[in-house]
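Just so it is clear, the model here is predicted, and its values are computed rather than measured. Below, all heavy atoms of this structure are taken into account, side chains as well, without hydrogens, waters or symmetry copies. Quick note on labels: first sequence line is chain A, next is B, and so on, each numbered from 1.
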Amino acid sequence: MTDYLKGLNEAQYEAVTTLQGPLMVLAGAGSGKTRVLTMRIAHLITNLVDPFHILALTFTNKAAKEMKERIAKVVGESEARSLWMGTFHSVFARILRSEAHYLGFPSNFTIYDSQDSLNVIKKVIKELNIDSDLYKPKKVQARISSYKNNLITVKAYFNNPELIEADERTNMKHIGLIYQKYVEACYKNGAMDFDDLLLKTNELLTRFPEVLAKYQDRFRYILVDEYQDTNHSQYLIVKALASKFENICVVGDDAQSIYSFRGANIYNILNFKKDYPDAKTVSLEQNYRSTQNIVNAANVVISKNVQQFKKNVFSDNEEGEKIKVYRALSDADEANFVAGNIWELHHSQQRKFSDFSILYRTNSQTRAFEDALRKKNIPYRVYGGLSFYQRKEVKDLIGYLRLLVNENDSEALFRVINYPARGIGETTQNKLIVFADSQNISVSQVLDNLGFYAPQLGLNNGVLTKLSDFWSMIKAFQVLLKTENVYNIAMEVAKRSGLIKFLKDDQTPEGISRVENVQELLNSMQGFIEEQQQLEDGNPSLSNFLENIALSADTQKDKEDDGTDKVSLMTIHLSKGLEFPIVHLVGLEENLFPSFMSSSTREELEEERRLFYVALTRAEKQVYFTYAVSRFQWGKITDAEPSRFLSEVDTQFIEFINPAIESRFVNHSGLKSNIFDDAPSEPRFFKKQDPKKKLSRAENPEPQSLPKNLKPISTAKIINPSGQSSEDIEVGDKVRHDRFGIGEVTFLDGTDPKNIKAKVVFQHEGEKNLILKFAKLTKI
DNA sequence: AACTCCGTAGTTTTT
DNA sequence: CTACGGAGTT
């Protein structure tokens, strides 16, 4: 029965079998952390701890799911089921639902994702007549988020002169007001954002001792994975819950803390001993994953950080090959090299495609690699990126569903009230909002009693009918909630709301793909129903479905996770906890990695360095570093210099690959390919600007349009942008457009000289419909 | 009210 | 390059 204890090393064994009291496990990369966590839970259960009393908090849903499966293999399906394991957000969302009444929230509260919350913030800023150029919504959102993560409520904010002063000093004196209005709006909408799920849990546990007691008693054994990435809010929750039994085990690696941008506080792990003076510490230092060369290279880099525990991570594996560095001429060259390399190793070493990963700093780097892999017919899968559930058409349908579950969610209401268009425009919507505010009721209450309020709304009968039709439709959908399953409800909504028909009317490729996405969403509901049926505590309700998608970032997983052999592409952040035989770490350039947003302070830079460490330690056998000397970025080609991290990896671990000769011809920049001519230490300002690099990326760059002030006015008449064109453009004319380049006019429409529309087929851009008055076409 | 085009600003990582 | 908001048209 205790077979699972065999094969553990001494430190692992201690971590698994120390069941009582506080325990900190410092788990170096690849040291078998997941295994220890899994075995520890299994060991608890075999030692007759009721799984009901165990809470395991992970950082991602994926980690939770994986671990649960592994535990089930050891202790059996039925024992594993009643275990509570999940992310902080999902576990506490569930608790908040059952205790919502304490906080004055409905139990069916909506969970706002970042986009939703940003929308609300934008509206608040607009409503307050605050200049959104000075108060960038994203910035405001980040600041509010950091307040919430540090438990600074609106009230606490206004009671703290220091905070107010600090905001005044940075010319953001209205932040407090926006924060207040934002919180009010969420409350009215019956909605919580991600940070609220933690903040409100704290509120619940501090304000209501009986609730705290209840959960303390339930969660007698608490395990927290990735403890180095917990924020203050999460830290306090754990501390409160564990304070009765103090059977708390935290697992983490300070060298892998990479989420401080989201409030993660590395001091939570650094100070664990202060919180629990009796705590036992176990260090897992043997890396079983990677070759010695990789582990040693990673150690050298991370040792540059000031802030860290001393650790001695080592590997007994083979020494392994050196890290290979490829210097690319452009981002396309880089991608081609990587794809070519994968192809080559796939054949020469019979590597599976799934042995490879491509890791990058930013999601926008994916495209080049997708192109290159597709060209070579290499199967791949992109993880992360824009979530399936964030696509507009998907969010629209979800908007309806949200509204059914929580009709106070005005975000959802106004998203769908006129989509597809049903004649309820902005003016009408504004009247509804203003009126509801003046009466201090919600818009849904106005719509519930439309007849009663109609005289005061100042809307004509036509609009009133449309409103009442819309609302009856919603009410009819709500009736379905009682009898139908998620799939049937959504299907009915998609049909009866006119959404499907509206999307199907668009026969462009994009339109067709939108229909497919909606179909995909419906399919995922079928999957959800089946999945929930298999769970002991399954809950196939619509509101549970919505919660699941709000809290899960893993995209279209069900569809694509078909076990086929694919190369993995993802950001380094997403790769944490994973491993691959061969890793390509790409885009190793200053201002990209480390990101230009994070190069200003030592702390930021150290986090980037930890990120680099994480990337490097994903690899088992072989690592390739690549960087490009020029990169197509923001529509322009920009110069880049190698990342400082490259020079931090001691040269003894590295081997440079000469760029393939033909890549010099592929690239038009004509740069020399000596790897030493841009040593990392070379200051930026010594770089010479190569004028040729300003060329467009197109393979056949169209003739460079002349600077505006040099247009040859003798041969072509410029249409005056403000209207009166005195020279006629005719069908068949060749024209030049500032943005679209050169094209031919194929069709003209309209008699009013101020309002002539032209169809123009451009060489590169295809057919466009333009209004002459605005298009600034030049006849050539 | 709905649609279209233009211009500009913003570009990190994710529950 | 893209996403969004504004401004103008139909």
Protein-nucleotide distance ([X], atom [atom1]; [N], atom [atom2]), rounded to Å:
{"X": "A:D195", "N": "B:dT14", "atom1": "CG", "atom2": "C1'", "value": "11 Å"}
{"X": "A:Y383", "N": "B:dT14", "atom1": "OH", "atom2": "P", "value": "15 Å"}
{"X": "A:D505", "N": "B:dC3", "atom1": "CG", "atom2": "P", "value": "12 Å"}
{"X": "A:K136", "N": "C:dA3", "atom1": "NZ", "atom2": "P", "value": "19 Å"}
{"X": "A:L467", "N": "B:dA1", "atom1": "CG", "atom2": "C1'", "value": "14 Å"}
{"X": "A:F593", "N": "B:dT12", "atom1": "CZ", "atom2": "P", "value": "15 Å"}
{"X": "A:R367", "N": "B:dT11", "atom1": "CZ", "atom2": "P", "value": "18 Å"}

Exercise. With respect to the side chain of A:E608, which nucleotide from B:dA2, B:dT15, B:dT12 is positioned closest?
Worked result: B:dT12
Exercise. Nearest to the side chain of A:T427, which nucleotide is it out of B:dA1, B:dT14, B:dA2?
Worked result: B:dA1
Seminar exercise, completed: For DNA chain B, the dot-bracket notation using Watson-Crick and G-U wobble pairs below 3.5 Å, [ ] for pseudoknot-type crossings and | for other-strand pairs, is ||||||||||.....
Within the sub-3.5 Å range, which N or O atoms of nucleotides 5-7 of chain C have a protein N or O partner, and how far apart are they?
none

Exercise. Is a donor-acceptor pair below 3.5 Å formed from side chain A:S114 to base B:dT15, judging by atom type as modelled?
Worked result: yes
Problem set entry | Residue mapping more 5' on DNA chain B - nearest nucleotide basis, A:R262 or A:G425 | A:G425
Exercise. With distance as the sole test, does A:D396 use its side chain to make a donor-acceptor pair with the main-chain N or O of A:V416 at under 3.5 Å?
Worked result: no
Problem set entry | Below 4.0 Å: OP1/OP2 of B:dA1 and any side-chain N or O of A:T428 | yes
Exercise. Any cation-pi pair here, A:R97 with A:F109, using under 6.0 Å and within 45°?
Worked result: yes
Exercise. Between A:F59 and A:Y259, is the ring centre distance below 6.0 Å?
Worked result: yes
